[in-house]
Amino acid sequence: MSDYKPSDIESKWQQYWDNNKTFKTDDSDRSKPKYYVLDMFPYPSGAGLHVGHPEGYTATDIVARYKRMNGFNVLHPMGWDAFGLPAEQYAVKTGTHPRITTEKNVNGFRRQLKSLGFGYDWDREINTTSPDYFKWTQWIFLQLYSKGLAYQADVAVNWCPELGTVLANEEVIDGKSEVGGFPVIRKPMKQWMLKITEYAERLLTDLDDLDWPESIKEMQRNWIGKSSGANVDFAVKGIDEKISVFTTRPDTLFGATYMVLAPEHELVQKIVDSGKKEEVDAYLKETEKKSDLDRTDLNKNKTGVFTGAYAVNPVTGKDIPIWIADYVLISYGTGAIMAVPGHDERDWEFAQKFDLPIVEVVKGGDVTKAAFTDTADGVAVNSTNDEISLDGLKVDEAKERITLWLSEKGLGEATVTYKLRDWLFSRQRYWGEPFPVIFVDGKPKPLPEDQLPVMLPEVEKYEPSGTGESPLATIEEWVNTTDPETGKPARRETNTMPQWAGSCWYYLRYIDPDYTEGPVSKEKENYWMPVDLYVGGAEHAVLHLLYARFWHKVLYDIGVVSTKEPFQKLVNQGMILGEMEYTLYRGSDGNFLSQDDLESYEGDLTRIKVTAEQLSKKGDGFVINPQNAGRPLTVIHPDGKREEKSDYFTASDLENDLYVEARSYKMSKSRGNVINPDDVVEQYGADALRLYEMFMGPLEQVKPWSMSGVEGVYRFLKRVWRMIVDDRSGNLLPEIADVEAAKAQEKALHEAIKKVTEDIEGFRFNTGISALMIFVNEAMKWEKRPLSVMNDFLLLLSPYAPHLAEELWLKLGNEPSVAHQPWPKYDESKLVDDSKTYAVQVNGKVRGQINVPMDQAKNKDLVLEMAKSEPGVLKYLEGKELVKEIFVPLKIVNLVVKG
RNA sequence: GCGAGAGUGGUGGAAUUGGUAGACACGCUAGAUUUAGGAUCUAGUGCUGCUAAGGCGUGGGGGUUCGAGUCCCCCCUCUCGUACCA
């Protein structure tokens with residue numbers, strides 16, 4: 001071994017770390033400060049890791065190694081979120097038990113993660129599908145149940161009669177099943193719900209103290225969707241019923257000219273006029289067929305039907321018609337609205353379409369043209385009856401006045417509503433956690449704790465039952481059981497929990513994976529929680545993070561955990577896109593299309609993939625360069641057929657500039673731009689992959705992959721090798737010597753230490769790497785490379801490229817491993833220069849530089865004197881009047897002249 | 001529509017509080033070395049000027065300042081999230 005060959009050294013060190021349990025977390029040591037670094041654990045798919053995984057995982061690995069070297073007790077675990085649909089779908093197709101698929105995939109993932117050199121404590125590996133784990137998932141469900149936070153309700157699911165199964169939302173596309181394209185309807189089924197809404201306010205307010213990206217917090221706030229307003233009761237004419245509505249604009253009550261109920265509203269059948277019944281039923285049937293997506297159609301073409309019934313506006317005393325329309329959602333507010341077409345866009349549109357009266361009650365716009373919704377400047381008008389007048393009040397004042405009046409009269413009250421809905425917690429699937437619930441005499445009954453875990457039965461086939469129930473419903477001997485307390489016959493719950501369940505609390509199990517008395521022991525939980533750093537993809541911004549926070553708060557309330565929030569700091573890694581692609585489009589008429597024409601073009605498009613060297617920059621875009629236009633390119637026909645061509649363009653094609661679309665796309669199998677980490681490791685090694693993933697750009701940012709970028713960092717690693725090793729003999733270079741470092745060498749080292757340290761602390765891994773590169777570029781010029789300097793450099797490198805660092809560390813005669821060495825400290829005094837270079841500006845433009853000895857650098861008179869006599873500066877001063885001299889110590893000199 | 005974020009060389013990206021824009025890397029050009037190389041080394045590389053002096057440059061327009069990528073106002077584009085939430 002002489003050259004830098006990652007394949008030779010990487011597996012060796014991976015084995016060393018494994019054998020020596022280098023990254024095992026010492027749980028007993030309470031003297032050190034703790035640091036808990038967590039990755040969002042993966043779903044072990046059959047496809048293996050994609051390059052997005054190692055991005056976040058490398059970042060956390062760097063932080064974990066860095067913190068360890070800084071004297072922290074570091075917890076950095078990994079596990080598997082292994083329940084879920086793909087393994088089940090595979091089981092339906094092939095008959096393979098999901099457990100077998102899962103195990104195989106987990107082994108693949110573990111091998112891949114180890115091959116990247118991540119320093120996980122593998123003794124804490126967890127798997128959501130293991131009975132030791134889901135026992136406690138079920139246990140937590142029991143706690144939720146006993147707190148009254150779990151209940152059953154009839155909720156519409158995506159039922160596909162042809163497939164005889166219930167589909168997840170993502171399996172439904174445009175109201176049809178993804179598989180087969182069969183119609184999907186909404187069918188109510190009995191389901192478990194979790195009352196996350198009870199925690200809405202706490203989930204909202206506790207966001208404030210979290211060190212999370214503002215965008216994520218904002219998304220959660222929007223999701224929770226708190227709004228303040230009032231509930232108002234409207235009497236139904238002729239029968240003894242009230243319709244309660246929620247409104248955020250009680251000030252517009254005088255303008256409520258009709259009401260609308262959601263089709264599912266419970267009063268629909270009671271109030272409908274017999275003459276209208278047929279029409280209403282037809283409408284209800286119509287809306288039932290629509291999926292949620294259809295109902296929120298982008299064209300917003302509103303539909304509805306008049307019930308024939310009237311309500312009474314409590315302030316105007318007028319009869320107002322009651323309509324049914326699916327633009328009102330049963331799941332929000334009270335499922336009914338007072339419609340104020342003058343001041344609500346949706347109501348305005350509806351009123352226009354069905355010719356309902358529009359009344360202006362807030363002045364400022366023209367309600368015949370559009371709804372006026374400005375709440376800042378609007379003033380109430382036409383809002384007076386015998387008892388109350390809002391006229392002249394601003395919106396806020398009017399709201400307050402009317403709300404007070406309503407509650408005095410018993411007609412309404414101030415109300416807060418949340419968009420957040422209860423969590424649908426049932427899936428009609430096999431491969432999930434069984435509920436620890438039985439039904440005795442048809443009533444749900446939680447199983448006692450000693451019956452946990454409730455195991456999944458073995459089944460012959462994984463096809464859905466055909467009734468919409470899960471495959472478990474067909475296993476009679478499992479479904480039929482007895483109540484362990486009374487001995488009565490009982491049936492098991494046949495739904496299973498959704499995939500979110502296992503991921504809601506996994507961060508706790510890592511802390512104490514073998515604990516048998518609960519999910520986690522009190523003492524260890526106390527030490528390790530909260531998670532100090534949580535890194536993962538932004539796709540979990542809302543659901544996973546909100547669900548996990550909800551469970552955590554429940555566990556907090558029952559004393560299982562000691563912190564209000566689970567994840568103190570959150571960082572989202574940005575998506576990695578495929579390599580940049582250059583595409584020229586050609587219409588079916590044979591003409592090439594420029595970017596601007598593309599959007600409006602309706603016909604079939606032929607895509608021509610060209611390479612970067614076939615292009616030249618013109619203006620803001622790229623055009624085909626006639627000189628290289630003849631080189632090979634790929635033509636993709638509208639039917640998807642690919643064809644390799646050279647000399648594709650004719651001379652006349654190239655007379656006009658052909659602008660090309662330049663962008664990179666999300667990696668996808670169908671596009672064929674997926675990068676497999678295994679291939680990168682094989683070609684360039686794990687260290688190069690790790691380094692490249694960090695060097696691409698800021699962690700949080702979306703960024704395109706580039707293979708030549710990988711080569712760039714690979715070349716850097718080779719340089720590091722050659723900085724220390726003679727690549728012909730494999731021995732240490734003669735330049736390496738145990739000598740005292742020269743001043744310049746110390747300066748280079750300490751600059752690197754400072755930059756790398758600060759950049760890891762600030763999650764700026766890309767610029768940290770550039771600091772390492774600058775050091776190596778410098779050190780390669782040194783005739784003597786002091787051992788101590790080289791050693792410190794390797795420690796700086798080690799979180800990024802641990803295999804290479806270990807190997808060279810050993811070659812320099814040190815004991816492995818670098819992982820437990822103390823992190824180098826920089827010394828500010830070694831960073832100072834002998835002299836200060838000032839840029840000298842004249843009227844804000846740099847015209848020269850001067851070198852001032854450091855001990856004189858703050859001497860204003862001297863520096864200005866030198867600046868004014870600098871030849872490059874002098875010629876801009878000649879013949880001009882010097883009006884001002886700016887001197888900022890250690891920064892800049894600026895001379896302002898006139899004339 | 002609403003909310004959030006971002007626009008810097010041919011490319012990915014630097015620029016910590018307003019103080020020499022383009023660090024580091026890719027790519028490219030020229031040269032050296034090598035049997036060869038997607039290896040290595042040296043030099044160059046924002047645009048525009050004949051090598052020059054200079055001029056112009058951080059999406060566009062205005063402003064504050066001795067000085068603006070950075071601060072303020074207006075506009076444009078892109079990305080992400082969200083979507084009849086009363």
Side-chain angles (χ1 to χ4, degrees), chain A residues 3 213-219 221-223 225-227 229 245-249 252 260 295-298 300 302 325-329 331-340 344-347 349-350 417-421 538-539 541-542 574-575 580 612-613 615-617 620 622 662-663 683 692 695-698 700-716 718-719 722 727 758-759 762 764 766-774 777 780 837-849 875 883-888 890-897:
Chain A
D3 220 354
E214 204 43 56
S215 62
I216 302 287
K217 291 203 219 176
E218 202 53 34
M219 279 161 74
R221 287 187 191 113
N222 291 339
W223 193 263
K226 180 178 182 173
S227 52
V245 302
F246 173 72
T247 175
T248 55
R249 293 293 303 277
T252 62
V260 186
R295 284 180 60 162
T296 63
D297 211 348
L298 285 175
K300 304 203 171 171
K302 292 196 170 42
D326 64 4
Y327 83 89
V328 173
L329 309 174
S331 48
Y332 184 74
T334 62
I337 61 158
M338 65 176 208
V340 185
D344 182 284
E345 277 165 31
R346 298 150 303 180
D347 298 345
E349 270 174 52
F350 192 82
T417 300
Y418 300 90
K419 267 199 268 185
L420 184 68
R421 303 173 202 178
E539 66 273 21
V542 177
M575 200 183 355
M580 180 83 94
E613 69 263 20
L615 301 171
S616 44
K617 179 89 177 174
D620 281 340
F622 293 93
R663 56 170 292 187
Q683 222 182 128
Y692 176 64
F695 190 58
M696 291 171 87
E700 314 79 23
Q701 206 165 294
V702 177
K703 41 208 176 286
W705 185 267
S706 151
M707 251 334 167
S708 41
V710 181
E711 298 209 25
V713 294
Y714 177 60
R715 289 209 276 265
F716 164 69
K718 286 201 285 192
R719 278 165 72 77
R722 280 183 284 107
D727 63 355
E758 289 174 352
D759 284 352
R764 294 179 297 265
N766 54 330
T767 49
I769 293 169
S770 100
L772 294 170
M773 288 173 164
I774 291 169
N777 289 345
M780 288 299 263
T837 304
Y838 275 99
V840 181
Q841 300 180 331
V842 179
N843 287 349
K845 289 204 160 94
V846 179
R847 299 298 186 185
Q849 291 185 341
K875 64 180 179 186
V883 292
K884 200 166 180 184
E885 297 171 346
I886 311 282
F887 171 72
V888 185
L890 302 181
K891 290 242 157 118
I892 204 138
V893 175
N894 190 9
L895 304 170
V896 186
V897 297

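Residue numbers start from 1 in every chain, and the chains themselves are labelled A, B, ... in the order their sequence lines are given, proteins ahead of strands. Predicted model only: the values in this text are computed from it and were never measured.
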Name the pairing partner of [N], where a pair is Watson-Crick or G-U wobble with both distances under 3.5 Å, or state none.
{"N": "B/G1", "answer": "B/U82"}
{"N": "B/G7", "answer": "B/C76"}
{"N": "B/C28", "answer": "B/G44"}
{"N": "B/U65", "answer": "none"}
{"N": "B/A15", "answer": "none"}

Can you check the distance between [N] and [M], where both ends of the measurement are the [atom1] atom (answer in whole Å)?
{"N": "B/G59", "M": "B/U77", "atom1": "C1'", "answer": "7 Å"}
{"N": "B/G12", "M": "B/A23", "atom1": "C1'", "answer": "13 Å"}
{"N": "B/G27", "M": "B/G10", "atom1": "C1'", "answer": "7 Å"}
{"N": "B/G63", "M": "B/A68", "atom1": "C1'", "answer": "11 Å"}
{"N": "B/U42", "M": "B/C24", "atom1": "P", "answer": "13 Å"}
{"N": "B/C47", "M": "B/C28", "atom1": "C1'", "answer": "16 Å"}
{"N": "B/C2", "M": "B/C75", "atom1": "P", "answer": "12 Å"}
{"N": "B/G69", "M": "B/U58", "atom1": "P", "answer": "7 Å"}

Rounded distance in Å - [atom1] ([X]) to [atom2] ([N]):
{"X": "A/Q701", "N": "B/U8", "atom1": "CD", "atom2": "C1'", "value": "12 Å"}
{"X": "A/L420", "N": "B/A83", "atom1": "CG", "atom2": "P", "value": "13 Å"}
{"X": "A/F716", "N": "B/C41", "atom1": "CZ", "atom2": "P", "value": "13 Å"}
{"X": "A/N843", "N": "B/U20", "atom1": "CG", "atom2": "P", "value": "17 Å"}
{"X": "A/E700", "N": "B/C80", "atom1": "CD", "atom2": "P", "value": "17 Å"}
{"X": "A/R663", "N": "B/G7", "atom1": "CZ", "atom2": "C1'", "value": "16 Å"}
{"X": "A/M219", "N": "B/A83", "atom1": "CE", "atom2": "C1'", "value": "13 Å"}
{"X": "A/I337", "N": "B/A86", "atom1": "CD1", "atom2": "C1'", "value": "6 Å"}

Could you check whether [X] gets within reach of a base, just the sugar-phosphate, or nothing at all, counting any heavy atom under 4.0 Å?
{"X": "A/V888", "result": "base"}
{"X": "A/Q841", "result": "base"}
{"X": "A/Q849", "result": "base"}
{"X": "A/S227", "result": "sugar-phosphate"}
{"X": "A/Q683", "result": "base"}

With syn defined as a glycosidic angle within 90° of 0 and anti as the rest, where does B/G9 land?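 Syn, since the glycosidic angle lies within 90° of 0.
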Quick one: classify the glycosidic conformation of B/G12 as syn or anti, with syn meaning within 90° of 0.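 Anti, which is what one calls it when the glycosidic angle falls more than 90° from 0.
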Choose from [options] the nucleotide whose nearest atom is closest to any side-chain atom of [X].
{"X": "A/F622", "options": "B/U11, B/A4, B/G19", "answer": "B/U11"}
{"X": "A/D326", "options": "B/G19, B/U20, B/C84", "answer": "B/C84"}
{"X": "A/R847", "options": "B/G81, B/A86, B/G55", "answer": "B/G55"}
{"X": "A/K302", "options": "B/A86, B/U20, B/C84", "answer": "B/C84"}
{"X": "A/K845", "options": "B/A86, B/C66, B/C56", "answer": "B/C56"}
{"X": "A/R722", "options": "B/C41, B/G13, B/A53", "answer": "B/C41"}

Mind checking whether A/F246 and A/Y332 have parallel, tilted or perpendicular rings, split at 30° and 60°?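 Rings of A/F246 and A/Y332: perpendicular, over 60°.
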Under 3.5 Å, side chain of [X] to main-chain N/O of [Y], donor-acceptor pair present?
{"X": "A/Y418", "Y": "A/S227", "result": "no"}
{"X": "A/N843", "Y": "A/V897", "result": "yes"}
{"X": "A/Y714", "Y": "A/Y692", "result": "no"}

On RNA chain B, does the nearest nucleotide to A/E758 precede the nearest nucleotide to A/V893 from the 5' side, or the other way round? Give the residue.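 Nearer the 5' end of the strand: A/E758.
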Can you work out whether A/Y692 or A/L890 has the more 5'-proximal nearest nucleotide on RNA chain B?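 The 5'-side residue here is A/Y692.
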Could you tell me whether A/R221 and A/E214 make a salt bridge, using a distance below 4.0 angstrom between a side-chain N and a carboxylate O?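 Here A/R221 pairs with A/E214 in a salt bridge, since their nearest N and O are under 4.0 Å apart.
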Crowded around A/W705 CH2? As in, over 12 foreign heavy atoms under 6.0 Å?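 Counting neighbours around CH2 of A/W705, more than 12 heavy atoms of other residues, nucleotides or ligands fall under 6.0 Å, so yes.
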Greater than 12 external heavy atoms within 6.0 Å of A/E700's CD: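 Enclosed.
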Tell me, for nucleotides 22-35 of chain B in 5' to 3' order, what letter each nucleotide earns: B for a base near a protein heavy atom under 4.0 Å, S for only sugar-phosphate near one, - for neither? -BBSSS--------
If the cut-off is 4.0 Å, is A/K703 near the phosphate of B/G12, judged by side-chain N/O to OP1 or OP2?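 False: A/K703 side-chain N/O out of range (4.0 Å or more) of B/G12 OP1/OP2.
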Is there side-chain contact between A/D347 and A/M338, with heavy atoms separated by less than 4.5 Å?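 A side-chain contact is absent here, since even the closest heavy-atom pair is not under 4.5 Å.
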Would you indicate whether the side-chain heavy atoms of A/I337 and A/Y327 approach each other to under 4.5 Å?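 SC-SC contact between A/Y327 and A/I337 confirmed.
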Under the rule for side chain to side chain donor-acceptor pair (under 3.5 Å), what residues qualify as partners of A/S616, not counting sequence neighbours?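 Partners of A/S616 by the side chain to side chain donor-acceptor pair (under 3.5 Å) criterion come out as none, since no residue qualifies.
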